[in-house]
Amino acid sequence: MTIYNMCTQKPLHDHSQQLYEKYHEPFEEYIKSTVMHVLKEKHDEYMMQEPAKRWSNHKVIVRWLSRFCYYLDRFISQRSLPLLNEVFLTCFRDLVDKEHEDSGSYYSRKSSSWIHEDSCPDYMLKA
């Protein structure tokens, strides 16, 4: 009910824009502190499985938040801004993609060192 009240007031008391801008901050902080923390702890094949698990959980959270923020989304659609669920999904994807790029660089360097250090069968097992 609070979001409804904040989004349906006359212009001087309408807080929709502030809500929209502030909503992204804690969500991004949650992704960085919880999701990214877990992804950084994972290694090998578990590092590749974890994003899929986290993405599934993330979509559930976004679905519930979208229902909760229905009136805020109505405000957003009037102002041609991306809807909150699009913002949340994009935020997750961008942060996780950046982490994967960093991980990809790490494993690329590691792979190069394995080629020089290991025999072919050992390298194939690691790769």
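Fair warning: this is a prediction, and the values are worked out from it, not measured in the lab.
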Min side-chain heavy-atom separation [X]-[Y] under 4.5 Å:
| X | Y | result |
| --- | --- | --- |
| His58 | Ile31 | yes |
| Leu95 | Met36 | yes |
| Asn85 | Arg63 | no |
| Lys59 | Phe92 | no |

Residues in side chain to side chain donor-acceptor pair (under 3.5 Å) contact with Lys53, at least two apart in sequence or another chain: none

Straight-line distance of Thr90 OG1 to Asp97 CG, nearest 0.5 Å: 10.5 Å

Euclidean distance, Glu29 CD relative to Cys91 SG, rounded to 0.5 Å: 10.5 Å

Steps toward side-chain contact (heavy atoms from CB on, under 4.5 Å) verdict (Leu84, Leu65): CA-CA 8 Å; Leu84 284 174; Leu65 286 174; over 6 Å; no

Verify same cluster id: Ile61, Val38 (apolar side-chain graph, 4.5 Å): no

Any residue meeting salt bridge (Lys or Arg N to Asp or Glu O under 4.0 Å) with Glu41, in chain and number order, not counting sequence neighbours: none

Residue pair Val96 / Pro51: nearest heavy atoms and the distance that separates them: CG1-CB, 4.3 Å

